[in-house]
Every structure is written in structure tokens, then in C-alpha cells.
Amino acid sequence: MRLTGSQILIECLKEQGVDTIFGFPGGAVLNIYDELYRAQNEIRHILTSHEQGAAHAADGYARATGKVGVCIATSGPGATNLVTGIATAYMDSVPMVAITGQVATSLLGKDSFQEVDITGITMPITKHNFIVKDVDKLADVVRRAFFIAKEGRPGPVLIDICKDVTAAYAEYEPKSPKKLPSVPVAAEEKDIDRAAEAINKAERPVILAGGGVSIAGASKELFELATNAQIPVTTTLMGMGAFPGNHELFMGMIGMHGTRTTNMAVSESDLFIAIGARFSDRVISDVRRFAPNANIMHIDIDPAEIGKNINVQYALEGDIKKILKLLNQKVEKKECTDWVKKINEWKELYPLKYPQDNKLHPQYIIERIYELTKGEAIITTEVGQHQMWAAQFYKYTSPRQFLSSGGLGTMGYGLGACIGAQIGKPGKKVINVAGDGSFRMNCNELATAVEYKLPVIIAIFNNHVLGMVRQWQQLFYGGRYSSTTLDRCTDFKALAEAYGAIGINVTAKEEVDEALKRALASKDTPVVINFEIDRDEKVFPIVPPGAPISELIEE
């Protein structure tokens, strides 16, 4: 078949099973949008309010479904508006393909209207990127982009297409998507045997589950290892849901805002098993004093991560699911150990807590969201205190249930991600936990949620400050609140209603259930609940910067 570049692009997207694209049109992508119009019965285009919202929506769609998220923007400012979303996906290993328009090949390098070197800009924050100047190469580039986004450790790929390429003709031959290769287990059998022996001999082992467990679909194998060998489990922020948060072996999150039980257990462990985690600074804090009594075992698909931030004694590279299956064949089954009993004692002594009074506390709100959704909602978050409360007080029991910007810490991420997750999982209730500072950044995406009749819930924890930054200012900067007070008199209930959403104000504890039940009952309208909380609410525990994770501030 002889088709235009735009037609070839659309046909290649169909080949890859793409059913949804998030984007915003412009001059350099007009030909592509013309073909999207013709293909609207096969590929749904979601018109966001801003290109950043499109990138976050594609990211949320990918995290919730496991499929590749797709976003599209025009050249110049349209393309640069995708950058934060691309970087967010890159840091958290999210499979995404970003398609951007570019000026015609004859105008490249001439400072043409809306020309920007988007491949140069995004080179450090993509797995790979392409600029297409020849229509004969377009189909191959699109197919390679999707393959790269999914293969091995996932991540975003960018395709920049010159406008004349979208109008030029070339021969198109349909092809089935290239099958992803089976990821080998690079670790040798002797390495597996050695690791299994270390687990069998360990008296105080701890497992850290990262986002890689969910990406690999290895939650079942992790559960088998932990329960058979009776190993307490903690997770990173990205690992939430990889191991059931309501299981007796689960200790809570690790690191800067981890539980005292977890951080004490890690500090006293003799074997620390990290699975699909990258040992970020928020996990290990002072590397010299992290797990000082433990040998470190690191299981990861990416060899670049093993030994990058911390020295390891047992390195197992390859597909996490396969490695865990091999380990499970060799690890001995144990009954409840003295170590597990000690962990359970700590959990009784040092629970996550907050004042049990009649005030409206954010932790209470998260607990009620958990109870009223029976723990089955998909939770997205913005970034800040509310993000940590959502991680601490909602018990995630399945992978792809907690969607949050972990590596980049992107304020403004949550609403776009919430929209993408709701479209990807229409049968699920999706709730975005937000702070007033983060919500303001991309609240324009409320228009998108209203237009597409998405019953998402936005729970704004409104303390009229940049809560996490203010908390640091109080604890570590002598209470000098520089530029963190947000008394801007924004009426979020009225703002929601102006967009066509339902707005609810909650100022007292006894109003929480009624507001949440009303929001959960909505079938086709977004609901914004403005929870007025105290500006001096804190996230505890917290590990001071530079301190070992065993030295926590708890109040």
C-alpha cells in the first residue's frame, strides 16, 4: 500500500495495539490529527488541557494497565511541554512513546517558527529518541520505538517527525509487533545456589520490594519467597502493592518516611535482599551506616543499578520473576521465627500514629478512603506530605494500585495520571490525593476529566502552605517560612463547579464519610473534595538529612 506518513503512523499504532492517545494539536501535527480524525473509531484521542497533562495521563495509563502509554504534541512549545512528563516516566521506568511534530526538513536548523531540538533536549531522559526526516524510515522507527519502550527495563521513547514527512508518500507493509525477547537470567546457577544458601542461613533477613517487582509481574513469586522463608517485607514508594500491605509480614515503607519497625529491622538485619529497587538516597540516607550488619543481595534486570549506589555481596542480574522462581526451588520453608516475632513486637510498640481526637487529620482521611473503597481503589498522588500519608495509611494489596512520581517528585503529576488510569481501568474507582500547592499546578486538567465524564475523585489536603517544604523549614531551618505560605483565597469548591465538576468542602471530621460516599457514588462526573487541614500537620517519622535511617524523628 502506498500511504502518507501520517497514515503510516496511524497504521503502525494500530499494529502495536494502541487504543488511546493523549495529546494536543498544533501546526506541525495537523496531518497526523487529520488521520486521527479518520481513525477515531479505532484509536481514541483524549484532548487534554495542556501537553504536560497529556504526558502524565499517558504515564498513568501505562502504570495502571501495563501497556505502553502514548502522547502527542506539536513542535516547539508543545514538545517542550512534554519534557517534565517524559522525565517523570524515565525516572520511574514507565513504558511510554511520545510523538512530537517538527518543522519541515527544509527548515531545520534555521530557527524556524516553533522549531526546537527536542531530541537533543530529551536525550538524557529517554531510553532512546528518533528524528524522522525520511518517510521511508517512519514505519521502522515507530515499531522500534514501541519495542524499546517495552523491552528490558521499560522507559519512554520519543519520535520527532518532520511535517513534510507526514505528508510524503511511501510504501507501507503491515507487520505484527516484534515479540519481546525472553530476558535471560545472567546470574549463573552457582550464584543462585549461593544466594539461596545465604537466605537459608540468615537469622535476620529483610526483603525490600521495589517497583521492578510489579513491572516484572513477580508479586506472586515474591509472596512465595517471603511467606515460605518467613522473611519480613518492606517496600519503596514505587513498590507499594508488590506485597500485600495488610499481610502480617509487611512492615511498611522504608527510608526517610518509613516506619520505625522497618528502619530498625533493616539496621539490625544480617541479610538485606533488594528486589527491583535502585537504592535511592530516600531509601538508604547515609550509605556508610545503611544496614551495617547485613550482607546485601540485589536482584535487578538492569546491571547498571547493581553496585551503583551501594556495595553488594550477592548480585543476581536478570528477569526478576525467573530469578525468584529459581530461588523458591532452593529456599527452605520455615515456621514463624524469633526474628518475625521480634518484628511483630516492634510493630505493636511503634505503629504509625496520629492524634486520636475530634480534629480533621489527614491520616484519618486516608484511613476512611481505604475503608470506604475496601482497599480496592487505584490511588494517584501529587508530591508532598499528602503523598507520604497516602503511602503510609492506605494498605495496597495489588500491583499497579499506587501511582506516584517517585524518582522525579513531580508536583502536578497526579491529576493527569488519575485521568489516564481511569481511562485505562474504567471499572476501577480512581482517586487522586493532592495538596493544594500541587493541585494548582495542573488543575486545568479538571476540564479534561469533565469533558470525558470521568468519575475521578480529587481529594485536596488543603493546608494553605507548601506542606513538606514548610515542614523542613520548621525542623531544619529555624522556622523561617520563606515562600511556602499559600493564603491565596482560592475557593476549590467553586473552581470545581466552574469547570463542571462537583465541589465539596469538608472542615470537620464528622463530614468526611458523607463527602466520600457522595464522591464514590458519582458515575460520570469528577468530584473535588477540599479537606481543610491544619498547616502544622507533619509527616512522621522522618529521617533527618544525612542521618542513618535508624535515627528517626517521630513527633
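We use all heavy atoms of the structure for the numbers below, so side chains are in, but hydrogens, waters and symmetry mates are not.
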(request) Kindly indicate whether the side chain of V506, heavy atoms from C-beta on, has any atom under 4.5 Å from the side chain of V512. (result) yes
(message) Testing D319, D302, D300, D92 one by one against R153 for a salt bridge (Lys or Arg N to Asp or Glu O under 4.0 Å), which residue passes?
(response) D302
(message) Using ring centroids (six-membered ring only for Trp), state whether H247 and F223 fall under 6.0 Å.
(response) yes
(message) Looking at K353 and E554, is there a salt bridge between them, counting it only when a charged N and a carboxylate O are closer than 4.0 Å?
(response) no
(message) Just checking F439 against F492, ring centres under 6.0 Å apart?
(response) yes
(request) Run the ring-centre check on F393 versus W389 and record whether the distance is less than 6.0 Å. (result) no
(request) Answer yes or no: are there more than 12 heavy-atom neighbours, outside N358 itself, under 6.0 Å from its atom CG? (result) no
(message) We want to know whether Y61 and K67 form a side-chain donor-acceptor pair, criterion being a heavy-atom distance below 3.5 angstrom.
(response) yes
(message) Closer than 3.5 angstrom, by distance alone: can the side chain of Q422 be matched with the main-chain N or O of K428 as a donor-acceptor pair?
(response) yes
(message) As an exercise, state the distance from CD1 of I549 to OG1 of T262, rounded to the nearest 0.5 Å.
(response) 8.5 Å
(message) What I want to check is whether the side chains of T373 and Y394 have a donor and an acceptor closer together than 3.5 Å.
(response) yes
(request) Evaluate whether atom NZ of K334 has more than 12 neighbouring non-hydrogen atoms of other residues, nucleotides or ligands under 6.0 angstrom away. (result) yes
(request) Look at atom CZ of F476 and say whether more than 12 heavy atoms of other residues, nucleotides or ligands are closer to it than 6.0 Å. (result) yes
(message) Looking at E305 and K308, is there a salt bridge between them, counting it only when a charged N and a carboxylate O are closer than 4.0 Å?
(response) yes
(message) Looking at every non-hydrogen atom in both residues, tell me the closest pair between V185 and K322 and how far apart they are.
(response) CG2-CB, 3.7 Å
(request) Hey, can you tell me if F531 and F461 have their rings parallel, tilted or perpendicular (30° and 60° cut-offs)? (result) perpendicular
(request) Go through Q471 and Q385 one step at a time and tell me if the side chain to side chain donor-acceptor pair (under 3.5 Å) criterion holds. (result) CA-CA 9 Å; Q471 177 170 333; Q385 288 178 315; 2.9 Å; yes
(request) Please tell me if the side chains of T397 and F250 come closer than 4.5 Å, counting only heavy atoms from C-beta onward. (result) no
(message) Between K359 and D534, does any side-chain N to carboxylate O distance fall below 4.0 Å?
(response) no
